[in-house]
Number of protein chains: 2
Amino acid sequence: MNKDQDINPRVLNHISASEGALSQQVYLSIKNAILGMEFRPGQNLRKALICDQLGVSRAPVAEAITRLASEGLVDVVPQSGTRISYFSMPEIQEGVFLREALELAVVRKVTRHLTEDQGRILNRSMRLQTLLVEDDDISGFYEADEAFHELLMSFTGFDRVADVAQTVSLQVSRARRLLLPTPGRIVESLEEHRAIVDAILARNEQDAQDAMRRHLGQLMPRIELLHERMPELFNRATSEGREIA
Amino acid sequence: MNKDQDINPRVLNHISASEGALSQQVYLSIKNAILGMEFRPGQNLRKALICDQLGVSRAPVAEAITRLASEGLVDVVPQSGTRISYFSMPEIQEGVFLREALELAVVRKVTRHLTEDQGRILNRSMRLQTLLVEDDDISGFYEADEAFHELLMSFTGFDRVADVAQTVSLQVSRARRLLLPTPGRIVESLEEHRAIVDAILARNEQDAQDAMRRHLGQLMPRIELLHERMPELFNRATSEGREIA
DNA sequence: CTTATCATTCTAACATGTTAGTTGACAAGC
DNA sequence: GCTTGTCAACTAACATGTTAGAATGATAAG
């Protein structure tokens, strides 16, 4: 019945001998495997296999799984098992909503308090992004894109904003990696970033928010396409919104 | 040197024989003690005492503490100890910022999609709040206040928004309990809520956001007063923003 | 052929033993 | 008096043994 429901833990990054708590390394290792879709939705995690593969005991693995569960990346069924969570459109919509709420507040604050240094750094980021688009370096632009948003958040002067934004939209991030970025799309993204930066530099709060909203608005339709194309990655929600399987 | 740095775990709610995972009950028990300021900032948690007091082993306590640490309510120093975290103005400012970001997005969405039923429920909440203010029932109004905000969040149709809002502003919640609510303040709060609801019912997005911003804007100045009055609850940040003690 | 029961075999949750790193006191040297 | 080095006590982190509940599949009854 269950052909390959179980996970092949060979994809886990071996624990580097580097510093850092063991449970943290286990956490990152599994998290990366999930976000990179090397663990597919529905597969169940086998603690024993993970322990063998990483050469650690169950304690740090248990702690890592607890954290992943709190972030919604895995569903843990007491006394039964732990499975990689399916995508769920309601959850993703909520993640997009939360993300937009934060990004808009960030843009508002940054526009209001932008320093000259920050302006220079923004321009520098845009030049880098332009370069990457000219070179059709899609994965490079992907990274620069994330860095751009993190940059804006760091300009608020708050430390946790970026973390919170990442956490509330983890499911979105996971889905986003399946949206094959096209040369056409990164050109659009670049233009949208340009509009955001222009509005910020012009100290135009409303324009900056609108530009950010337009930028983020591109995401949801593309995820809906993914939903149609790969429905097996999504759960079937019951009437109560509860999940099956 | 350390007089009463250690915690008296007698304030912990005894584990009810009710259902629910053990670690969850431990988590809630400690969390309530922290939010209720029964554990004061700077005190250190002694796992052994907590285990004795609650009659559980170290495993569920460890998991509970891990969660509390991720929420910033405790600071855990590896191989050394776990202490109740101090208040920190930067953290609280960040919490207020995040909270406002969410509440504004909520108000925006709710105003746009309000149903008749939701309008009725809002009016019902306002009548209840009015009643409590007329009776000078301060703690009753406090609860109704929280319920009002949760109500708005629930109207978005999203489940996690309320949880996220609570989590990002946990430190704010903890500080808020020390702001003795006055009869004067709850009258003001009621009026501010009234303004928010009126704008929502009038489907006026901008007014609703402004009203919410004014409402939330009352909080920070009062916390600054707390900072002046009880500086011992706050940490002294170094130049890097790192904490001492 | 369908359905109910039950035992086997999983698993997470919990308990407890062990390890290694931090802290603070105290003594020796400056 | 002040610094520095050693050591004992304490703690979180990790390893491992134990328990109880859930899923599965075989078997028996209808």
Side-chain angles (χ1 to χ4, degrees), chain A residues 1-7 9 15-30 39 42-70 73-85 243-245, chain B residues 1-3 5-7 9 15-30 39 42-70 73-85 242-245:
Chain A
M1 193 49 104
N2 49 345
K3 289 186 295 189
D4 50 358
Q5 291 299 101
D6 284 2
I7 267 189
I15 296 284
S16 52
S18 70
E19 84 286 0
L22 211 46
S23 70
Q24 172 74 1
Q25 297 184 37
V26 174
Y27 164 74
L28 289 176
S29 184
I30 301 178
F39 292 171
Q43 286 183 323
N44 47 2
L45 280 176
R46 293 178 160 280
K47 252 189 214 164
L49 290 184
I50 293 173
C51 293
D52 286 353
Q53 180 65 20
L54 296 180
V56 300
S57 76
R58 291 165 343 210
V61 174
E63 190 183 320
I65 288 181
T66 297
R67 273 210 272 170
L68 293 167
S70 78
L73 289 180
V74 302
D75 295 325
V76 48
V77 182
Q79 265 69 37
S80 170
T82 301
R83 291 172 253 298
I84 308 296
S85 63
E243 298 172 17
I244 303 180
Chain B
M1 192 53 102
N2 49 344
K3 290 186 295 186
Q5 291 300 99
D6 285 3
I7 266 189
I15 296 284
S16 51
S18 70
E19 85 285 1
L22 211 45
S23 70
Q24 171 74 1
Q25 297 184 37
V26 173
Y27 164 75
L28 290 176
S29 184
I30 302 178
F39 291 172
Q43 287 184 322
N44 49 359
L45 281 176
R46 294 178 158 278
K47 254 189 214 163
L49 289 184
I50 293 173
C51 293
D52 286 353
Q53 180 65 20
L54 296 180
V56 300
S57 78
R58 292 168 334 206
V61 174
E63 188 184 321
I65 288 180
T66 298
R67 274 209 271 170
L68 293 167
S70 78
L73 289 180
V74 303
D75 295 325
V76 50
V77 182
Q79 266 70 36
S80 170
T82 300
R83 293 174 249 300
I84 308 297
S85 63
R242 217 76 186 114
E243 297 174 16
I244 303 179

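So you know, we letter chains A, B, ... as the sequences are listed, proteins then strands, and number each from 1.
The distance from atom CG of B:N44 to atom P of D:dA12 is 9 Å, rounded to the nearest whole Å. We find that CG of B:D75 is positioned 17 Å from P of D:dT11, with the value rounded to whole Å. For A:E63 and C:dA12, the CD to C1' distance is 16 Å, given to the nearest whole Å. When rounded to the nearest whole Å, the span between CG of B:L45 and P of D:dA12 equals 8 Å. Straight-line distance from the CZ atom of B:R58 to the P atom of D:dA12: 10 Å, rounded to whole Å. Whole-Å rounding puts the B:Q79 CD to D:dC14 P distance at 8 Å. Per the geometry, CG belonging to A:L22 stands 20 Å off P belonging to C:dT18, to the nearest Å. The separation between B:K47 atom NZ and D:dC14 atom P is 11 Å, rounded to whole Å.
Phosphate contact (OP1/OP2 of C:dA12, side-chain N/O of A:T82, threshold under 4.0 Å): present.
Looking at heavy atoms from C-beta onward, A:T66 lies out of side-chain contact with B:T66 at the 4.5 angstrom threshold.
If A:P60 and B:S80 are placed on DNA chain D by their nearest nucleotide, the residue sitting closer to the 5' end is B:S80. Position along DNA chain D of the nearest nucleotide to A:S23 versus A:P78 favours A:S23 as the more 5'-ward residue.
The residue A:S57 sits close to a base: some heavy atom pair falls under 4.0 Å.
Summarising the geometry, atom CZ belonging to A:F39 is positioned 10.0 Å from atom CG belonging to A:L68; distances are rounded to the nearest 0.5 Å. Here the CD1 atom belonging to A:I65 is positioned 12.0 Å from the CZ atom belonging to A:R67, to the nearest 0.5 angstrom. Atom CD in A:Q53 sits 11.0 Å away from atom SG in A:C51 (nearest 0.5 Å).
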